[in-house]
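Report on one structure; see the data block that follows.
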Amino acid sequence: MHKIVTTGVVCAIAAMFFAGCSTESNNTYPVLNHSQLAAQYYGSDTAWYLANIPFFECSDQQVQDVYYYRWKMYKAHIRSVGDNQYVITEFINHVPWDREPYCTIDAATMHHIHEGRWLKDSRYMDGYINNMIEGGGDNRHYSESIADAVWARYLVNADTAFLVSQLDSMIRLYNDWNDHYDSSKQLYYIPAMPDATEYTIASVDASGGKGGFDSGDAYRPTINSYMFANARAIARVATIKGDSATSREYSAKAEGLKKRVQDDLWNTKLQHFTDRFKQNNQYVHYWDFIRGRELAGMIPWYFNLPDDTPTFNAAWKHAIDTSLLNGPYGFRTNEPSYQYYFKQMVYSWGHRGSQWNGPSWPYQSSMVLTGMANFLNNYRQDVITNSDYLSTLRKYTSQHYLPDGKINLVENYDPDEGGPIVYYYWSNHYNHSSYNDLVITGLCGIRPSTSDTLVVNPLIDTSVHYFCLDDVLYHGHRLSVVYDDDGNRYHLGKGLSVFVDGKKAPLLQKDGKTAVFVGSPLVIKTPKQPVNYALNIYHKGYPTPSASINATPDTSLYQAIDGRIWYFTEITNRWTTFSSPVTDTDWYAVDFGAPHDIDSVKIYLMGDGIIYGPPATYTIDYYSNGQWLPVKMKKQKPAKPVANTVNTEVFDKVNTTRIRVNFTHPSRATAVTELECY
């Protein structure tokens, strides 16, 4: 059995190893200065990152900068939706096609879980997985590989009990996809749009080159790889549970799909996995292959599906050829030789809309980079090298930068000319891909598994002079992976060093790769948090907000209690005192609809240094017997209000139906991105 401990215990143990360490030469364990890095990248909002993320530095400054940006972006997409319940959003703000009221979309869930599995607070992924698998979040609006992603998360946190608890729902969701299964071909089919793409070769050609947003029913390497991986995950979970019958059943399903993908979706002429048409009309014919290569043909390697053969392995030359799928500024979704390459089919607000007939999408680029890391680690091949991985990772990294130099990931990019294509209010800080998982499992080489021995195989070449990935929580143990090409950065000697729970681990050899013994798993469970009585994601009923200014319920008023917290200025998610006729004071209140014991309030203030800034002071009142009374303060942290982080007030417990916060703001307007009452 795995030992179960809480994060508080683990942090106390870790403190004995990590306290006071730095990169000075007289220390055997070169822990990075977490506080300094957190302050550099997150300003006043450091506490959450210090408690949750692995810290990282690298000789490639751009990779390092984007790594920290991606955690900032990810945190902004974590949404509280109930008592210790969380989801991860794809669009940072509500869009008409997401799932009300949670604002989730199942298309990118696999990416969210692969990224989020490295967070130390288990509540985020536990809550998200519960919501998506058991709570209806996976509404099959798009194809998905969520069961496989849940397995990938288990490889990091080793929580067998949680994993097995998802099995029945995994099976139910898998069988729901029977409505997209062709028993005569023993393959799944799907049109372009619900496969999380629009205007693919299959859909554009099926329209005669005139459209193709949601048409193009085809047997695709994508959905069939997803279903292969989900079946394999179900079989593995069933084995752990001791359900041998289910394990055999889903192992057979996985093997059957693997054979069909290799036998029927391998296009011998193109030497690539490609779609075959299910549609039959004047433009396309049933069971014909599409007429060009797409980046989607590399997706089977995301799941290690293809056999290790020279025939299949040769497809990777298409992914690194700059005349084919590898543009100068990123992966192309199909090749320039395609007749309708980059032909614009749709416009939005007078701008180019979202298409997959050439543009570079982080969604698929990150999948292919994961597949490339799998290929380099798990296949005997001479087609690509670590340098190819780094080159494509760096192109993907560069896409995070807008032309003005700011980091802001958007929906898609031009792989030939560079720069973003779709860049509207709903596409800023777009959580539709992975990145940090690529750094952790690819560049830094941590290869999660069920074994007590961990393979560490950094995908680096001579262009990487050093890196340190510090304080990774893996199987309940704290890992640090350090690489120093000449030994002068960390003074540990040349090459690779790995630390487990603060001690330098002997480097072993496993299947020709470097490995370390980690030890038996410790299952880390984050304690539940108190109930936030102010949360309302439904924008109706109780709790009900009110304010002295800007109190229109269908706009900003509910944004301060909707479970979403971020400090990006590009997309608003806040109640503000802007345009207040009162020069000094305003208030924001929450009516719970029933009495609750309240002893603390958290206020998340947004500031831009121009219009919005922290108030000079604020006070808290509670409602009792028809009047507002001040609470008796015990502790305020920080001592004075600070913008772009949480401000916590602790006071003597009161039993009340309402809480009111009074802001004094003589200079700049106050902006509240979230208010929580406990």
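All values below were derived from every heavy atom in this structure, side-chain atoms included, with hydrogens, water molecules and symmetry-related copies excluded.
Here the side chains of Tyr435 and Val63 are in contact, with some heavy-atom distance below 4.5 Å. Considering only heavy atoms from C-beta on, Asp452 comes within 4.5 Å of Phe517 through its side chain. The shortest distance between side-chain heavy atoms of Asn436 and Tyr74 does not fall below 4.5 Å. Under the 4.5 Å side-chain criterion, counting only non-hydrogen atoms from C-beta, Leu173 is not in contact with Ile146. Two residues are said to be in side-chain contact when any heavy atoms from C-beta on lie closer than 4.5 Å; Asn93 and Cys103 fail this criterion. No side-chain heavy atom of Phe568 sits under 4.5 Å from any side-chain heavy atom of Asn573. When side chains are defined from C-beta on, Asp562 does not count as touching His94, because their heavy atoms never get closer than 4.5 Å. For the pair Leu167/Ile234, a side-chain contact is recorded, criterion being any heavy-atom separation below 4.5 Å from C-beta on.
The distance from the CG atom of Leu443 to the CD1 atom of Ile460 is 7.0 Å, given to the nearest 0.5 Å. Distance check, rounded to the nearest 0.5 Å: CD1 of Ile223 to OG of Ser143 gives 5.5 Å. Here the straight-line distance linking atom CG of Leu155 with atom CG of Leu163 works out to 9.0 Å at 0.5 Å rounding. Atom CZ of Phe91 and atom OG1 of Thr104 lie 12.5 Å apart (nearest 0.5 Å). Annotation: the span from Glu90 atom CD to Tyr430 atom OH amounts to 4.0 Å, rounded to 0.5 Å. For the atom pair CG (Asp471) and CG (Leu479), the distance works out to 9.0 Å, reported to the nearest 0.5 Å.
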Q) Would Tyr67 and Cys58 count as a side chain to side chain contact (heavy atoms under 4.5 Å, CB included) if you check the C-alpha gap in whole Å, the side-chain angles of each, and the deciding distance to 0.1 Å? A) CA-CA 10 Å; Tyr67 175 87; Cys58 182; over 6 Å; no
**Q.** side chain to side chain contact (heavy atoms under 4.5 Å, CB included) assessment of His77 paired with His112
**A.** CA-CA 10 Å; His77 283 272; His112 300 160; over 6 Å; no
Q.
Checking Lys525 against Asp159 for the side chain to side chain contact (heavy atoms under 4.5 Å, CB included) test, could you report, in this order, the C-alpha distance in whole Å, the side-chain angles of both residues, the deciding distance, and whether it holds?
A. CA-CA 9 Å; Lys525 300 298 288 186; Asp159 189 346; 2.9 Å; yes
Q. Given the rule in the side chain to side chain contact (heavy atoms under 4.5 Å, CB included) test, do Glu144 and Tyr226 qualify, once you have shown the distances and angles that lead to the verdict?
A. CA-CA 6 Å; Glu144 45 80 12; Tyr226 302 160; 5.7 Å; no
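In this structure, Trp48 and Tyr124 have tilted ring planes: the angle between them lies in the 30° to 60° band. Classification of the Trp151-Tyr154 ring pair by plane angle, with boundaries at 30° and 60°, yields tilted. Using a 30° and 60° split on the angle between ring planes, Tyr302 and His111 fall in the perpendicular class, above 60°. Between Phe375 and Trp301, the ring-plane angle classifies as perpendicular under the 30° and 60° cut-offs.
Under a 3.5 Å cut-off, the side chain of Trp575 and the backbone N or O of Pro545 do not form any donor-acceptor pair. Within the 3.5 Å criterion, the main-chain N or O of Pro527 finds a donor-acceptor partner in the side chain of Gln529. Using modelled atom types, one side-chain atom of Asn431 and one backbone atom of Thr89 make a donor-acceptor pair closer than 3.5 Å. His400 places a side-chain N or O within donor-acceptor distance of the main-chain N or O of Thr397, the cut-off being under 3.5 Å. In this structure, Ser497 contributes its side chain and Val482 its backbone to no donor-acceptor pair below 3.5 Å. At distances below 3.5 Å, at least one donor-acceptor pair connects side-chain atoms of Asn130 with backbone N or O atoms of Asp126. Under a 3.5 Å cut-off, the side chain of Asp148 and the backbone N or O of Asn230 do not form any donor-acceptor pair. Arg172 places a side-chain N or O within donor-acceptor distance of the main-chain N or O of Ile133, the cut-off being under 3.5 Å. Proximity of a side-chain donor or acceptor of Lys120 to a complementary backbone N or O of Ile53 within less than 3.5 Å is detected. Remark: the backbone N or O of Met132 is not paired with any side-chain donor or acceptor of Asp138 at under 3.5 angstrom.
Salt-bridge formation is not detected for the pair Lys72/Asp45: no Lys NZ or Arg NE/NH1/NH2 atom is positioned less than 4.0 Å from an Asp or Glu carboxylate oxygen. Ion pair Asp511/Lys513 not flagged as a salt bridge, since none of the NZ, NE, NH1 or NH2 atoms sits closer than 4.0 Å to an Asp/Glu carboxylate oxygen. For the pair Asp599 and Lys634, the salt-bridge criterion is not met [side-chain N within less than 4.0 Å of a carboxylate O]. Salt bridge annotation for Asp106-Arg140: absent, with no cationic side-chain nitrogen under 4.0 angstrom from a carboxylate oxygen. Asp83 has no carboxylate O lying under 4.0 Å from a charged side-chain N of Lys528, or vice versa, which leaves the two without a salt bridge.
Remark: the Gln85 side chain and the Tyr102 side chain contain no N/O donor-acceptor pair separated by less than 3.5 Å. For the residue pair Ser433 / Arg70, a side-chain donor-acceptor distance below 3.5 Å is found, with atom types taken as modelled. Side-chain contact of Tyr466 with Glu57: a donor-acceptor pair under 3.5 Å is absent, judged by distance alone. In this structure, a donor-acceptor pair under 3.5 Å is present between the side chains of Tyr128 and Thr109. For the residue pair Ser480 / Asp470, a side-chain donor-acceptor distance below 3.5 Å is found, with atom types taken as modelled. Judged purely by distance below 3.5 Å, without hydrogens or angles, the side chains of Asp243 and Thr246 pair a donor atom with an acceptor atom.
Results of the ring pair (Phe, Tyr, Trp, His ring centres under 6.0 Å) test with His34 over Tyr68, Phe56, Phe55 single out Phe55 as the only residue that passes.
A pairwise comparison of heavy atoms in Ala147 and Ala233 identifies O-CB, 3.6 Å as the closest pair. Between Phe303 and Ala229, the shortest heavy-atom distance links the atoms CD2-CB, 3.2 Å. In this structure, Asn536 and Pro543 approach most closely via the heavy-atom pair ND2-O, 2.8 Å. In this structure, Thr453 and Lys510 approach most closely via the heavy-atom pair O-NZ, 4.1 Å. Residues Thr370 and Ser434 come closest through the heavy atom pair OG1-OG, 4.5 Å. Closest heavy-atom contact between Ser44 and Thr645: O-OG1, 3.5 Å.
Residues forming a side-chain hydrogen bond (donor to acceptor under 3.5 Å, both in side chains) with Arg574 (at least two apart in sequence, or on another chain): none. For His429, the side-chain hydrogen bond (donor to acceptor under 3.5 Å, both in side chains) test picks out Tyr69, Asn408, Glu570, with sequence neighbours left out. Partners of Arg99 under the salt bridge (Lys or Arg N to Asp or Glu O under 4.0 Å) rule, at least two apart in sequence or in another chain, do not exist in this structure.
Side-chain rings of Tyr250 and Tyr174 approach one another, their centers coming within less than 6.0 Å. The ring of Tyr42 has its center no closer than 6.0 angstrom to the ring center of Trp71.
For the pair Arg153 and Phe162, the cation-pi criterion (under 6.0 Å, within 45° of the ring axis) is fulfilled.
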